[in-house]
Amino acid sequence: MKAGIVGLPNVGKSTLFNCLSNAKAQSANFPFCTIEPNIGVVNVPDPRLEKLETLVNPERVLPATVEIVDIAGLVKGASKGEGLGNQFLGNIRETDAILHVLRCFDNDNIIHVDGNVNPIRDKETIDMELQLKDLETVDKKLDKVKRAAKTGNKEAQKEEAVLLKLKAGLEAGISVRALEFSDEDLEEFVNPAQLITGKPVLYVCNVDEESAVSGNAYVDLVKDAVKDENAEVIVLAVGTEADINELDDYEERQMFLSDIGLEEPGSAKLIRSAYKLLNQQTYFTAGVKEVRAWTINVGSTAPQAAGVIHTDFEKGFIRAEVIGYEDYVEYGSESKVKEAGKMRVEGKAYVVKDGDVMHFLFNV
């Protein structure tokens, strides 16, 4: 699962990517400095993993990860191939969620492609280009479906009705994610179309250091503009995060954060939010060899969770021994949890809860 960082040129996308991944994507003061999408595999900060490490004292610890893609800046006309438009739109289509970076700071030394700072205009520019591309996709599908619908094909008629609703919404400047459909229509017609504006989005307001804690007037405008989208807004001083990232000493980092009023880097919160945006959750395995966080989709069953470790675990699944994270911490070890009768044995229908500590029995 991938989250793609998008935005206009010079809003801080590549700097943010560098903060998240510690990769060194070129970050320069001109458009299109990120020609190829940069991909970083980012550790998901999780205090629960640290706690399990102290209790188990394993040989190694492996956190969950999320894939972040830094995509070249989009400009007006991208849907018609302007700038790096076609490449941008192809790259964003391959991601599962969107981290939309908006410039919410003033700085005369960093040029803005439209001449001045206006995050709402910037958001609308990108929304419009993505909506136009989706409209193109919907129109192509409609051309095919209409012919079948005219012959009396019931399934084609249902799809035509959904496509017409999509078309009307997009023509009115409404992104697919803000349109309402039944679960059946979503599963059968909307999701398979892989429309760009149907992807979940997280808005990242890139602010100056003074606004890192409580935001600013630009951020307030963004929050108001997206209130009907059911989307999270995160405030991040990307330049400051980059400075913190340069510090090797943990204590120095904490002092820097404390000086600006933050308990942890904003990037840590962003990574966790991206993980959630991708509909991901974590379960743990805990032994002396290894304490590890495993990534699964929300709603996964115990055999599906086992399959993330190895496909044989899913094929030959017998049962799972499960300890709730809170119980593990309360009793301090697996043996004490067992003594207290708090370990559960679950079968194939068990839906894994976020934070479960699990051990699988299987036979192949």
Side-chain angles (χ1 to χ4, degrees), residues 1-3 21 39-68 95-97 183-184 186-187 191-192 200 268-269 271-364:
M1 300 289 279
K2 299 177 191 170
S21 66
I39 299 176
V41 179
V42 182
N43 291 339
V44 179
D46 194 332
R48 297 173 301 180
L49 193 64
E50 295 167 23
K51 183 65 179 175
L52 288 171
E53 181 184 6
T54 61
L55 294 173
V56 179
N57 194 25
E59 291 176 18
R60 64 175 185 166
V61 178
L62 292 170
T65 59
V66 62
E67 213 164 275
I68 304 290
T95 65
D96 303 286
D183 290 343
E184 183 186 345
L186 278 171
E187 196 171 322
N191 294 342
K269 184 182 177 186
I271 294 165
R272 285 196 295 270
S273 295
Y275 192 67
K276 186 178 170 187
L277 191 69
L278 289 164
N279 201 37
Q280 306 281 276
Q281 68 178 30
T282 301
Y283 77 86
F284 302 101
T285 51
V288 290
K289 287 278 183 191
E290 175 183 281
V291 166
R292 182 164 184 167
W294 298 90
T295 300
I296 54 172
N297 290 329
V298 173
S300 293
T301 60
Q304 288 170 330
V308 173
I309 299 176
H310 198 288
T311 51
D312 285 351
F313 282 29
E314 184 172 2
K315 287 176 192 167
F317 180 89
I318 300 171
R319 64 180 181 273
E321 294 175 347
V322 184
I323 303 170
Y325 170 76
E326 287 77 12
D327 288 334
Y328 204 110
V329 171
E330 182 180 343
Y331 293 98
S333 70
E334 185 177 312
S335 58
K336 286 180 181 172
V337 170
K338 283 181 179 175
E339 284 171 23
K342 292 290 185 178
M343 177 183 279
R344 309 188 312 277
V345 175
E346 301 286 0
K348 291 182 178 180
Y350 177 67
V351 176
V352 179
K353 295 181 177 64
D354 187 51
D356 278 349
V357 182
M358 305 185 76
H359 176 65
F360 300 104
L361 284 85
F362 69 101
N363 183 27
V364 177

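All values reported here derive from a predicted model rather than from experimental measurement.
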For I309 and T285, what are the C-alpha separation, side-chain angles and deciding distance, and is it a side-chain contact (heavy atoms from CB on, under 4.5 Å)? CA-CA 10 Å; I309 299 176; T285 51; 4.2 Å; yes

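- Looking at I323, V322, D327 one by one, the single match for side-chain contact (heavy atoms from CB on, under 4.5 Å) with M343 turns out to be I323.
- By the 6.0 Å contact criterion, CZ on R319 is open, its count of non-hydrogen atoms from other residues, nucleotides or ligands being 12 or less.
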Criterion side-chain contact (heavy atoms from CB on, under 4.5 Å) on E321 and L361, from CA distance to verdict: CA-CA 8 Å; E321 294 175 347; L361 284 85; 3.9 Å; yes

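- In summary, the side chains of D356 and Y350 do present a donor paired with an acceptor at a separation below 3.5 Å, with no hydrogens or angles considered.
- Between the side chain of N363 and the main chain of G316, no donor-acceptor pair closer than 3.5 Å is present.
- Considering all non-hydrogen atoms of both residues, R344 and G324 come closest at NH1-N, 4.1 Å.
- One finds the CG atom of L55 at 5.0 Å from the NZ atom of K51 (value rounded to the nearest 0.5 Å).
- For Y275 and T282, the side-chain atoms include at least one donor-acceptor pair closer than 3.5 Å.
- I296 CD1 to N279 CG: the interatomic distance, rounded to the nearest 0.5 Å, is 10.5 Å.
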Does E314 form a side-chain contact (heavy atoms from CB on, under 4.5 Å) with Q304? I'd like the steps, not just the answer. CA-CA 6 Å; E314 184 172 2; Q304 288 170 330; 3.9 Å; yes

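- In this structure, F284 and Y325 have tilted ring planes: the angle between them lies in the 30° to 60° band.
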Could you check T301 against F317 for side-chain contact (heavy atoms from CB on, under 4.5 Å), going step by step and ending with a plain yes or no? CA-CA 11 Å; T301 60; F317 180 89; over 6 Å; no

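- Atom CD of E330 and atom NZ of K336 lie 12.0 Å apart (nearest 0.5 Å).
- Remark: D183 CG to N191 CG distance equals 9.5 Å, nearest 0.5 Å.
- Separating the CD1 atom in I271 from the CD1 atom in I68 is a distance of 7.0 Å, to the nearest 0.5 Å.
- One finds the CH2 atom of W294 at 6.0 Å from the OH atom of Y283 (value rounded to the nearest 0.5 Å).
- Within a 6.0 Å radius of CD in E290, more than 12 heavy atoms belonging to other residues, nucleotides or ligands are found.
- Note on D354 versus R48: salt bridge recorded, some NZ/NE/NH1/NH2 to OD/OE distance being below 4.0 Å.
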